[in-house]
Number of protein chains: 2
Amino acid sequence: MPGDADIASVAALMGEPARAAVLMALADGRALAATTLAAEAKVAPSTASGHLGRLVEGGLVTVESSGRHRYFRLAAPEVAAALEALAHLAPHQQVRSLSQATHAEAIRRARTCYDHLAGRLGVALLDGLVATGALHVQEAGEGSDPVLGAGRARTYLLTADGRSRLGALGVALDPPTRRPLTRYCIDWSEQRPHLAGWLGAALLTRFVELGWVLRASRRVVKITESGWVALAERLRVDVDACR
Amino acid sequence: MPGDADIASVAALMGEPARAAVLMALADGRALAATTLAAEAKVAPSTASGHLGRLVEGGLVTVESSGRHRYFRLAAPEVAAALEALAHLAPHQQVRSLSQATHAEAIRRARTCYDHLAGRLGVALLDGLVATGALHVQEAGEGSDPVLGAGRARTYLLTADGRSRLGALGVALDPPTRRPLTRYCIDWSEQRPHLAGWLGAALLTRFVELGWVLRASRRVVKITESGWVALAERLRVDVDACR
DNA sequence: CCAATGCTTCGGGGAGGGCCGAAGTGTGCC
DNA sequence: GGCACACTTCGGCCCTCCCCGAAGCATTGG
């Protein structure tokens, strides 16, 4: 029966609370160290190490050594997609209070992923930049960044036009480090890419400076009234799709 | 952390070989009896009963009693989607031989689901019937069939035009039983609906009689050259999307 | 070179859960 | 009514595997 893939082994890997916590912590595309993940999953380092070994062996996670740290990352966007599909089924949203529901909705609308925008807003922002020609999409690129998305199959290039328009907005366009200017993550709630890399971070920073977005909590951001207007008019973000 | 859904509990349900086998058996949308599923999973009826109870309690599967049988079915298309996402990750496709790869592709192109066509061909067939006005889509219908798709939110009605065109083709349009004329399943590989119900079965039967499709194995069907031509010309099936 | 840090391997304790067969309940057929 | 069938519940066996702490390699920094 070639159609019957071995779902059970993969699902079993995800079906253990500590490992699920690890995977969820990695779901936004970050690469995190073993100790961090142990804390995230609330288990001893030795326990976490065992789980991480299994996840790597199972092909869900990849590891990259850097000095005395080992950084773990989801092995492929498909893993995030599977996590999202499962989250969609989970104990029907476990929404106990209205505030939790609003928060869950807010997090899907606009959140930060590491240091850049994600959620519907992050996706729409990238769409807008591409649609207006500020970014040019080039397929089959390669690259590697220890923290964000390595070896993805696509590259976003900042065009001359984009450079002038975003520069006029006051966005810092030249990375002071070796961090790639553009990069993308597959958004776990939208299953579509949003902009990461230095440019993703610089945009968020500038939006905060301009008062377009406010950091509401650790991950959630709030868009101000003037922010909605500015994002729509100056960056052609489809704000109706985000609200 | 309201964004962190309880993935682990759902994944654990899918992460046990016997339960995974049950879910895969149900993945094409069929409703199967407990004994059948026990055989499928190769466990004792009592064991299967326990697993099925957990799956129902976990909301992945629904149950419907009919006489002394109890028919189990996936609770929602989202469950099939999650299974598909997991299968996509499974021990990298375990494609050892070229023939296995070709077979996996063949099964996605055109297969049977219970007694009607599924896969890309099944989806394109339904699309063609709707596009040519042979079927009329009515939203928010209700219905119940112990074997295929109960209580779905949509109904396909056979129009007078469709009746005459399909009748001319020799398709048996009047179910001798109480089985509903039209019904649909969400296709697990395409995540779009294909035609089920009596009409779905009658079409497959007639296609075989006409020599348009051949049953190649238990689930795979092969479309003949004249079959491709006839499906495109007489039923307006978008065959290019299927090949 | 020695400490501190990050991570892994190892051993043992414990709980959870899968499996089956036997017995019980409900339904259909003769 | 009585037998056959479909399914569930119960009890007991056994095995997996999750957990931690202690000890063992690496790497970095003083």
Side-chain angles (χ1 to χ4, degrees), chain A residues 6-26 30-73 91 146-147, chain B residues 6-26 30-73 75 91 144 146-147 177-178:
Chain A
D6 182 16
I7 271 190
S9 61
V10 187
L13 280 175
M14 299 179 170
E16 198 283 326
R19 283 194 296 263
V22 164
L23 291 169
M24 288 304 276
L26 297 174
R30 288 178 295 179
L32 297 176
T35 310
T36 314
L37 291 168
E40 194 78 28
K42 299 183 173 59
V43 292
S46 60
T47 305
S49 178
H51 286 311
L52 289 167
R54 282 161 182 263
L55 290 172
V56 170
E57 193 186 8
L60 297 186
V61 160
T62 57
V63 74
E64 193 171 341
S65 292
S66 169
R68 56 184 171 184
H69 297 267
R70 298 186 78 202
Y71 291 97
F72 295 86
R73 189 202 329 267
V147 172
Chain B
D6 181 17
I7 270 189
S9 62
V10 187
L13 280 175
M14 299 179 170
E16 199 283 327
R19 284 194 296 262
V22 164
L23 291 169
M24 288 304 276
L26 297 175
R30 288 178 294 180
L32 297 176
T35 309
T36 313
L37 291 168
E40 195 79 28
K42 299 183 174 59
V43 292
S46 60
T47 305
S49 179
H51 285 312
L52 289 166
R54 281 163 182 261
L55 289 172
V56 169
E57 193 185 8
L60 297 186
V61 161
T62 57
V63 66
E64 193 172 341
S65 293
S66 170
R68 55 183 170 181
H69 298 266
R70 296 186 78 204
Y71 291 98
F72 295 86
R73 186 196 340 259
S144 179
V147 173
T177 64
R178 291 213 182 152

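Labels below follow one simple rule: chain letters A, B, ... track the order of the sequence lines, proteins then strands, and each chain is numbered from 1. Atom set for the values below is all heavy atoms of this structure, side chains included, hydrogens, waters and symmetry mates excluded.
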**Q.** Any side-chain heavy-atom pair of Arg54(B) and Leu13(B) under 4.5 Å
**A.** yes
Q.
Measuring only between side-chain heavy atoms, which start at C-beta, is Phe72(B) closer than 4.5 Å to Leu55(B)?
A. no
Rounded interatomic separation in angstrom, taking [atom1] from [X] and [atom2] from [N]:
X	N	atom1	atom2	answer
Lys42(A)	dC18(D)	NZ	P	19 Å
Glu57(B)	dT8(D)	CD	C1'	15 Å
Arg70(A)	dC25(D)	CZ	P	17 Å
Arg54(B)	dG16(C)	CZ	C1'	9 Å
Leu55(B)	dG17(C)	CG	P	14 Å
Glu16(A)	dG16(C)	CD	P	13 Å
Arg19(A)	dC19(D)	CZ	P	8 Å
Phe72(B)	dA6(D)	CZ	P	14 Å

What does the list of N/O pairs under 3.5 Å between the protein and nucleotides 25-30 of chain C look like, with a distance for each?
none

Q. Out of dC18(D), dC19(C), dA6(D), which has the shortest distance to the side chain of His69(B)?
A. dA6(D)
Q: Can you figure out which of dC19(C), dT8(C), dC19(D) approaches the side chain of Pro45(A) most closely?
A: dT8(C)
Measuring from [X]:[atom1] to [Y]:[atom2], what's the distance to the nearest 0.5 Å?
X	Y	atom1	atom2	answer
His51(B)	Thr47(B)	NE2	OG1	6.0 Å
Leu32(B)	His69(B)	CG	NE2	12.5 Å
Leu23(B)	Leu37(B)	CG	CG	9.5 Å
Arg19(B)	Met14(B)	CZ	CE	10.5 Å

(Q) Categorize Ala48(A) for me: base, sugar-phosphate, or nothing, with a 4.0 angstrom heavy-atom threshold over every strand shown. (A) nothing
Q | Heavy-atom closest contact (Ala25(A) atom, Glu40(A) atom, distance) | A | CB-CG, 3.5 Å
Q) Ala38(A) and Pro45(A): which non-hydrogen atoms are nearest, and at how many Å? A) CB-CA, 4.1 Å
(Q) When you measure from the side-chain N and O atoms of His51(B) to the phosphate of dC19(C), is any distance below 4.0 Å, counting only OP1 and OP2? (A) yes
Q: Compare side-chain N and O positions of Ser49(B) against OP1 and OP2 of dT8(D) and report whether any pair is under 4.0 Å apart.
A: yes
**Q.** 5' precedence on DNA chain D between Ala44(A) and Thr36(B) (nearest-nucleotide basis)
**A.** Thr36(B)
Are any protein N/O atoms closer than 3.5 Å to N/O atoms in nucleotides 10-15 of chain D? If there are, list each pair with its distance.
none

Q | Salt-bridge contact Arg70(A)-Glu64(A) (side-chain N to carboxylate O under 4.0 Å) | A | no
